[in-house]
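Shown below is the structure under consideration.
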Amino acid sequence: MADQGQSPDIVTLTINGRQVTAPKGTMLVDAAKAVDIEIPIFCYEPRLGPPVGACRMCLVEVEGMRGLQTACSTPVADDMVVQTESEVAKDAQDGVLELLLANHPLDCPVCDKGGECPLQDRTFRFGPGETRTLEPKLHFPKPLDLSPLVALDRERCIACYRCVRFSQDVAEDGQLTFQERGDHTEIATFSGDPYEGRFTGNTIDLCPVGALTSNPYRFVSRPWDIKNTPSVCAGCSMGCNLEVTERDNEVKRLTGRPDPNMAVEEGWICDRGRWGYPALRSADRIPHAVLVDQVGRRGVLLERALAEVAGMLINRDLRIGVLLGDPVTVETGFLAQELAERVGDGRAMVRRTGIPGHGLGPLRALPGAQMDELDAADVVLVVGGDPASQQPVAELRIRKARRHGARVSMVGPRPSALDDACEVLRTTPGHLVDAIDVMRDRLLGSSRAVVLWDEADLAAEPAAAAALAELVAATPGARALEMCADVSGPGLRALGIPAAGGLLQAIEAGHIDVLVTIACDPTAGPEGTRWATALEGVGTIIEMGAYVSGLTDRATVVLPLLTPLEEEGVLVSMAGRAQRLRPGARECEGAAAAWELLVALTHRLGRAVPDRTPSQAFSRLAQRHSAFAGLDYGALGTEGAVIAPVEATGADAGTAPAQPAGDGLLVVPCRPVFGDADAFRSDALEPVREPARVCLAPAEAERLGVRTDARVHVRTPHGEMVLPLEVGSRYHEGAAYLVMGDPGTAAERLLPMDGGAVRAVVGVAARQEVSA
Amino acid sequence: MTVHELDEFLAPLRPQYADPRSLILPALKHVQEETGWLPPDAMATVAEATGFSQAYVESIATFYDRLYVEPVGRRVINVCVTLSCMLRGSDEIFEHIADYLGLDGEGTTDDGMFTLHKVQCIGACDRAPCLQVDAGEQIGPLEPADATCLIDDLRDEPAPARYCR
Ligand code: SF4
Ligand code: SF4
Ligand code: FES
Ligand code: FES
């Protein structure tokens with residue numbers, strides 16, 4: 001019952017003749033494990049809540065108690081005498097396994113779980129060597145698609161309840177249950193509907209047998225052919241820890257960590273994180289360096305391309321802009337800064353994409369919370385955003401906080417999958433500040449509140465940001481947790497790298513001759529149309545990227561990058577936790593990590609480069625940047641380390657516009673991770689992708705004269721485009737919910753770079769626009 | 001049946017149960033008495049009236065043999081196949097009835113008149129082998145010939161007004 005809070009009392013008992021001490025409330029199975037005595041289990045999993053004793057695998061003998069006890073649900077007590085290996089206990093464990101196998105098909109040779117299967121392992125260690133069953137076994141047609149991504153093989157299920165508990169008690173989607181009874185028991189959804197959700201893959205990790213397997217991983221590999229590497233998901237700012245399975249230099253699978261980071265994701269990952277990896281092999285991956293010169297446009301070796309770039313950087317007449325995108329590691333940010341210094345004469349400027357965050361300083365200066373602090377919170381307040389779609393695993397932690405007794409409220413303009421789990425105060429778009437006022441008493445009366453606030457929404461409403469910061473600061477014991485819009489933001493801000501506004505102005509003023517982009521295409525981002533025009537005046541574009549972008553055809557030099565699943569480095573999560581990426585595979589032979597390219601360039605500019613690894617770069621940046629003071633890869637360990645807050649610097653300070661720009665409906669930007677670029681690159685995620693669209697309230701659609709199935713024309717001061725329309729009563733009148741998604745559409749272009757609020761004119765699309 | 005009608009039926013029961021989950025079973029039984037079986041939309045109605053998920057309601061409905069999640073005939077014949085009855089030849093009784101009804105094992109006759117099911121012990125082992133028609137008395141001990149007579153009798157009997165199963 002690790003998550004139920006323990007009394008400090010210590011209990012002494014005897015297990016297999018050894019004296020053991022354990023905190024009161026510990027279950028026998030954990031007390032035994034602490035002294036390296038293994039009691040076999042299947043259903044026990046404290047992350048799913050209190051034990052249910054479903055599988056009977058953990059039977060042990062306790063002196064003075066009648067019959068055998070389930071070690072997973074028997075708490076330790078003083079003077080208890082426990083035998084886990086007595087004849088009686090062993091006989092019972094053997095017997096349970098024999099019965100579990102009575103109808104089990106034993107098709108291990110064709111089972112994906114074979115070789116990493118707890119049922120196999122425990123049968124070998126604790127079970128019967130041979131079967132005595134002569135009767136025919138039960139057979140079901142196999143496998144069944146529980147969802148497009150999860151396959152169910154009913155013959156293999158041992159009815160341990162883990163997947164059902166995950167669905168009922170963790171994701172709280174209520175979809176998975178048992179049907180029928182006895183040996184006909186099977187996992188099912190209501191009338192065979194597909195299991196829908198954003199976390200379905202976790203049931204695969206939980207299943208102790210091969211009953212639930214991943215469709216995309218089906219028959220792909222065997223445990224002895226693979227290498228597993230712990231790393232971090234770069235799908236959103238949550239920074240979930242995960243494990244990368246590699247075979248033949250390809251990422252074949254991503255799973256939750258068997259040793260979860262309890263302060264971050266608790267072992268859960270969302271389906272976007274889990275099945276985003278096929279993106280690495282998508283057709284738009286840039287396979288090798290490209291150079292455009294007198295000869296024309298051609299593929300070249302990386303070395304050759306780098307020499308070309310170095311030649312430009314060295315030219316004292318050229319002014320250089322470096323734009324860092326998302327996701328990039330802190331080492332990349334730091335080495336880009338160093339490269340700019342090396343270029344010298346103030347000729348180079350380094351900027352990042354993402355929200356400048358004028359006015360977010362006071363919120364960022366508040367005492368920060370880690371995700372696990374939600375478990376003990378009395379009040380949880382979500383201000384703006386929608387963690388359920390933008391930082392999915394945060395949803396699971398918020399639901400858990402509620403189960404632990406926190407009063408959870410969510411204020412903001414967006415409908416959310418979390419609505420059923422909290423008190424919802426749906427605000428009129430642009431009026432977060434009123435909601436904060438409503439929450440004042442609730443918050444002031446709390447003692448361990450955690451306030452999650454959305455970077456994008458509060459950046460767009462500086463008054464709300466100021467009010468919220470003041471309120472949280474006035475609440476004793478309250479902590480704040482930022483829900484960041486991008487993955488690189490927290491790390492790059494800690495290095496003092498400002499947002500890109502100044503760079504765009506410099507380009508427009510004709511002060512930039514060479515633009516180096518690293519993992520970004522500003523023409524597809526906020527004010528993309530303005531960027532596209534501005535870039536016409538830039539002589540040379542050097543693109544470092546993993547995937548073809550709108551810049552690729554224009555770039556003079558294209559340098560192929562490795563992705564976060566393939567590179568080493570550090571990402572800082574939204575909770576300020578610096579965590580290490582470890583290369584899980586290297587899918588693209590011709591590509592290099594951004595840090596490697598930057599080191600190589602700095603070297604060519606005449607510097608004896610001290611960094612040969614990201615680890616060295618990180619140690620050096622920790623010496624130079626106070627946020628990372630005292631950290632190195634050793635200190636980050638397996639759990640990561642929380643960095644110190646930093647003040648906003650230079651271009652990110654100042655005030656954001658108080659009034660929305662433009663006319664029409666206020667835009668509510670939505671950035672679901674299931675609609676991001678990798679979700680669209682990964683064929684596995686096809687069934688669950690979120691398309692780009694505009695969402696309107698029915699009354700609004702009527703007023704504008706647009707029909708549900710229509711496409712609409714949307715215009716903001718920053719651009720216009722035609723998008724599909726969704727009409728739903730979940731949406732507020734007076735607002736246009738702009739769902740980014742579908743990178744081809746690049747709906748972000750309609751938004752301002754300053755992160756301020758914006759209005760959009762929505763109308764019927766002209767016929768030729770629709771067909772285009 | 002509408003959610004409202006079901007609510008009215010459940011209202012007097014609500015105070016009787018400490019755990020609202022206990023309402024699901026009477027609700028399912030009530031719906032089945034009215035409609036003969038439990039199609040998905042009926043289970044959805046029960047889910048709405050009791051406040052539990054559809055999946056949970058279905059998991060309860062499938063747990064019990066006597067709640068039918070597939071259509072059944074006007075009369076349901078349940079032949080016990082547990083130990084006592086089996087030792088006294090209930091498999092023969094079952095086969096005999098199946099043959100007589102023109103069924104290949106469990107199932108419903110084409111005319112929608114009879115459904116034949118195997119069930120576990122119906123609590124009349126002293127009368128093994130036995131069977132039960134709808135929710136009526138257990139009938140046994142049976143010879144195969146008795147069973148077919150029974151079927152003929154049932155055919156002549158007027159069908160009950162409500163489905164008491
Ligand atoms: S499918 Fe797997 S996790 Fe679910 S009950 Fe069966 S064995 Fe357990
Ligand atoms: S919540 Fe975010 S970080 Fe976690 S697995 Fe999903 S996309 Fe990755
Ligand atoms: S692990 Fe104890 S009953 Fe399943
Ligand atoms: S075994 Fe048939 S009634 Fe008991």
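In the text below, chain A, chain B and the rest are named by the order of the sequence lines, each starting its count at 1.
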Next item on the list: Please look at A:Ser191 and chain B and tell me whether the side chain, the backbone, both or neither of the residue comes under 4.5 angstrom of a heavy atom of that chain.
Entry: both

Check: For A:Glu180, is it the side chain, the backbone, both, or neither that has a heavy atom closer than 4.5 Å to a heavy atom of chain B?
Finding: both

Notebook entry, point to check: Is the number of heavy atoms from other residues, nucleotides or ligands within 6.0 Å of CD (B:Glu143) greater than 12?
Noted result: no

Margin query: Is it the case that atom CG in B:Asp104 sees more than 12 heavy atoms from other parts of the structure closer than 6.0 Å?
Written below: no

Check: When rounded to the nearest 0.5 angstrom, what is the spacing between CD in B:Glu58 and CG in A:Asp193?
Finding: 8.5 Å

Notebook entry, point to check: Do B:Pro40 and A:Phe190 have side-chain heavy atoms sitting under 4.5 Å apart?
Noted result: yes

Margin query: Surrounding CG of B:Asp110 (heavy atoms of other residues, nucleotides or ligands, distance under 6.0 Å), is the total greater than 12?
Written below: no

Side chains of residues 8-16 of chain B: which donor-acceptor pairs under 3.5 Å do they make with residues two or more places apart or in other chains?
unit_1, atom_1, unit_2, atom_2, d
B:Glu8, OE2, B:His4, NE2, 3.1
B:Arg14, NH2, B:Asp7, OD1, 3.0
B:Arg14, NH2, B:Ala49, O, 3.0

Next item on the list: Answer yes or no: does atom CZ of A:Phe674 have more than 12 heavy-atom neighbours from other residues, nucleotides or ligands under 6.0 Å?
Entry: yes

Next item on the list: Report yes if some heavy atom in the side chain of A:Thr189 is under 4.5 Å from a heavy atom in the side chain of B:Gln54; otherwise report no.
Entry: no

Checklist line | Portion of B:Phe52 that has a non-hydrogen atom of chain A nearer than 4.5 angstrom | finding: neither

Next item on the list: Could you have a look at B:Ser53, B:Ala61, B:Ala47 and say which one has the most heavy-atom pairs with chain A under 4.5 angstrom?
Entry: B:Ser53

Notebook entry, point to check: For the atom pair CD (A:Glu186) and OG1 (B:Thr62), what is the distance rounded to the nearest 0.5 Å?
Noted result: 8.0 Å

Notebook entry, point to check: Got a sec: does the CD of B:Glu48 have more than 12 other heavy atoms crowding it under 6.0 Å?
Noted result: no

Next item on the list: Could you tell me whether B:Glu70 atom CD has more than 12 heavy atoms of other residues or ligands within 6.0 Å of it?
Entry: no

Margin query: Quick check: closest heavy atoms across B:Ser59 and A:Phe178, and the distance to 0.1 Å?
Written below: CB-O, 2.6 Å

Check: Which value, rounded to the nearest 0.5 Å, describes the distance between A:Gln179 atom CD and B:Phe63 atom CZ?
Finding: 12.5 Å

